[in-house]
Amino acid sequence: MPCLTVIVASTRPGRAGRRIGDWFTAVATAYAFHDVRLVDLAEVGLPFHDEPHHPSEGRYLHRHTREWSATVAAADAFVFVMPEYNYGFSAPLKNAIDYLYTEWQYKPVGFVSYGMTSGGLRAVQMIKQVVTTLKMMPANEAVTVFLRQALDDTGELVPDPGRDAAATVLLDELARLAAALAPLRVTA
């Protein structure tokens, strides 16, 4: 079974992202991905990109970069649990992506976006340009969370069968893409 890494992209205190990431990880674990890993960028704590060499060289001087490289390299597919900030994706996510190069290649990526008005759809559209440049394959299927409807008065995620169904469709597509792209990840 392929390894799915769910990356919570917001590091802001009080964020909804971790609750959404925990929900999605539980759905994915009960699904086809038996190796599901939740990675919270707030816990990873990457500093602003500080490696002197270009990421394509893979010469990492810092321990945090080597650990991040191992985490990303071990995955066969990703899901970015990502907010929309000012019509775009978060700076911590862009920073985490920019640290590496080959570790991302030929792997599918899905999106669980959230926000108030657009549910994060604009951020997802923007990040697709970034991930395709790294030879990642974005899944067309996605989960969109409109926070005003998704959170109760205490800030907890309200159960939603429609959201669960969207997650299953996304996981189906990621499983297919991970299998299809696997031969491209084999080094010659």
Side-chain angles (χ1 to χ4, degrees), residues 3-29 31 33 36-49 68 71-72 75-101 103-105 107-151 155-158 160 162-171 173-174 177-178:
C3 172
L4 174 66
T5 297
V6 178
I7 298 175
V8 176
S10 175
T11 60
R12 184 182 61 77
R15 67 213 159 111
R18 181 56 189 253
R19 290 185 295 280
I20 296 168
D22 288 340
W23 160 78
F24 188 84
T25 299
V27 172
T29 301
Y31 184 73
F33 289 93
V36 180
R37 302 170 187 184
L38 178 70
V39 176
D40 187 337
L41 291 182
E43 294 171 4
V44 173
L46 289 172
F48 196 70
H49 194 265
W68 181 234
T71 296
V72 173
D76 297 301
F78 299 95
V79 168
F80 294 165
V81 177
M82 53 184 287
E84 180 176 307
Y85 294 157
N86 302 315
Y87 285 43
F89 51 90
S90 68
L93 179 56
K94 181 67 163 89
N95 185 52
I97 291 169
D98 288 347
Y99 257 91
L100 308 174
Y101 184 69
E103 295 88 342
W104 299 111
Q105 292 181 354
K107 296 178 182 180
V109 58
F111 306 99
V112 176
S113 65
Y114 60 95
M116 294 299 185
T117 305
S118 76
L121 291 171
R122 297 173 292 213
V124 169
Q125 195 58 35
M126 288 184 72
I127 203 165
K128 286 181 178 180
Q129 292 179 334
V130 174
V131 298
T132 56
T133 298
L134 292 168
K135 301 180 184 177
M136 295 177 81
M137 173 63 71
N140 193 46
E141 292 72 11
V143 179
T144 306
V145 180
F146 296 93
L147 290 180
R148 285 190 179 95
Q149 294 85 22
L151 300 178
E156 292 303 313
L157 203 57
V158 175
D160 178 359
R163 185 173 53 239
D164 291 345
T168 300
V169 171
L170 173 58
L171 289 163
E173 185 66 4
L174 287 173
L177 289 171

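All values below were derived from every heavy atom in this structure, side-chain atoms included, with hydrogens, water molecules and symmetry-related copies excluded. Remember, it's a predicted structure, so these values are computed and weren't measured experimentally.
- At least one donor-acceptor pair under 3.5 Å links the side chain of Tyr114 to the backbone N or O of Gly17.
- Applying the 6.0 Å contact sphere to CD of Gln129 captures no more than 12 heavy atoms from other residues, nucleotides or ligands.
- Considering every non-hydrogen atom in both Trp23 and Ala167, the closest pair reads CH2-CB, 3.8 Å.
- With a 4.5 Å cut-off on side-chain heavy atoms, Leu38 and Arg18 count as touching.
- The nearest pair of heavy atoms linking Leu41 to Thr11 is C-CG2, 3.7 Å.
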Worked verdict on Leu134 versus Thr132 for side-chain contact (heavy atoms from CB on, under 4.5 Å): CA-CA 5 Å; Leu134 292 168; Thr132 56; over 6 Å; no

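- The side-chain contact (heavy atoms from CB on, under 4.5 Å) test with Phe80 singles out one residue from Thr5, Val112, Val131, Val6, and that residue is Val131.
- Under the 3.5 Å distance criterion, the side-chain polar atoms of Thr144 are left unmatched by any main-chain donor or acceptor of Gly119.
- Nearest heavy-atom pair across Phe111 and Ile127 is CE2-CG2, 3.5 Å.
- Judged as a side chain to side chain contact (heavy atoms under 4.5 Å, CB included), and not counting sequence neighbours, the contacts of Tyr99 are Leu46, Pro47, His49, Asp50, Glu51, His64, Thr65, Trp68, Asn95.
- Panel note: side chain Asp76, backbone Ala178; no donor-acceptor pair is recorded below 3.5 Å.
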Report all side-chain donor-acceptor pairs from residues 84-91 shorter than 3.5 Å, counting only partners two or more places apart or in another chain.
| from | atom 1 | to | atom 2 | distance (Å) |
| --- | --- | --- | --- | --- |
| Glu84 | OE1 | Ser118 | OG | 2.6 |
| Glu84 | OE1 | Arg122 | N | 3.2 |
| Glu84 | OE1 | Ala123 | N | 3.4 |
| Glu84 | OE2 | Ser118 | OG | 3.3 |
| Glu84 | OE2 | Arg122 | NE | 2.6 |
| Glu84 | OE2 | Arg122 | NH2 | 2.6 |
| Tyr85 | OH | Ser10 | OG | 2.7 |
| Tyr87 | OH | Arg122 | NH1 | 3.3 |
| Ser90 | OG | Ala9 | O | 3.0 |
| Ser90 | OG | Leu93 | N | 3.4 |

Check against side-chain contact (heavy atoms from CB on, under 4.5 Å), Ile97 and Val130: CA-CA 9 Å; Ile97 291 169; Val130 174; 4.0 Å; yes

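- Put simply, OG1 on Thr133 and OH on Tyr101 are 8.5 Å apart, with the number rounded to the nearest 0.5 Å.
- For the atom pair Leu147 CG and Met116 CE, the distance stands at 5.0 Å (nearest 0.5 Å).
- Separating the CG atom in Leu151 from the CD atom in Glu156 is a distance of 8.5 Å, to the nearest 0.5 Å.
- A distance of 11.0 Å separates CG in Asp160 from CZ in Phe146, rounded to the nearest 0.5 Å.
- Side-chain atoms of Val79 and Val109, non-hydrogen and from C-beta on, never get closer than 4.5 Å to each other.
- Inter-residue side-chain proximity for Lys94 and Asp98 is flagged as met; some heavy-atom pair is nearer than 4.5 Å.
- To the nearest 0.5 Å, atoms CD (Gln105) and CE (Met137) are separated by 13.0 Å.
- Expressed to the nearest 0.5 Å, how far CE of Met82 lies from CD1 of Ile7 amounts to 11.5 Å.
- Nearest heavy atoms, Gly21 versus Val8: CA-CG2, 4.1 Å.
- Across Ala150 and Arg163, no two heavy atoms sit closer than the pair CB-NH1, 3.8 Å.
- In this structure, the side chain of Lys107 engages the main chain of Glu103 through a donor-acceptor pair within 3.5 Å.
- The shortest heavy-atom contact between Pro108 and Leu177 is CB-CB, 3.6 Å.
- With sequence neighbours excluded, no residue forms a side chain to side chain donor-acceptor pair (under 3.5 Å) with Arg12.
- Using a 4.5 Å cut-off on side-chain heavy atoms (C-beta onward), Leu174 and Leu170 make contact.
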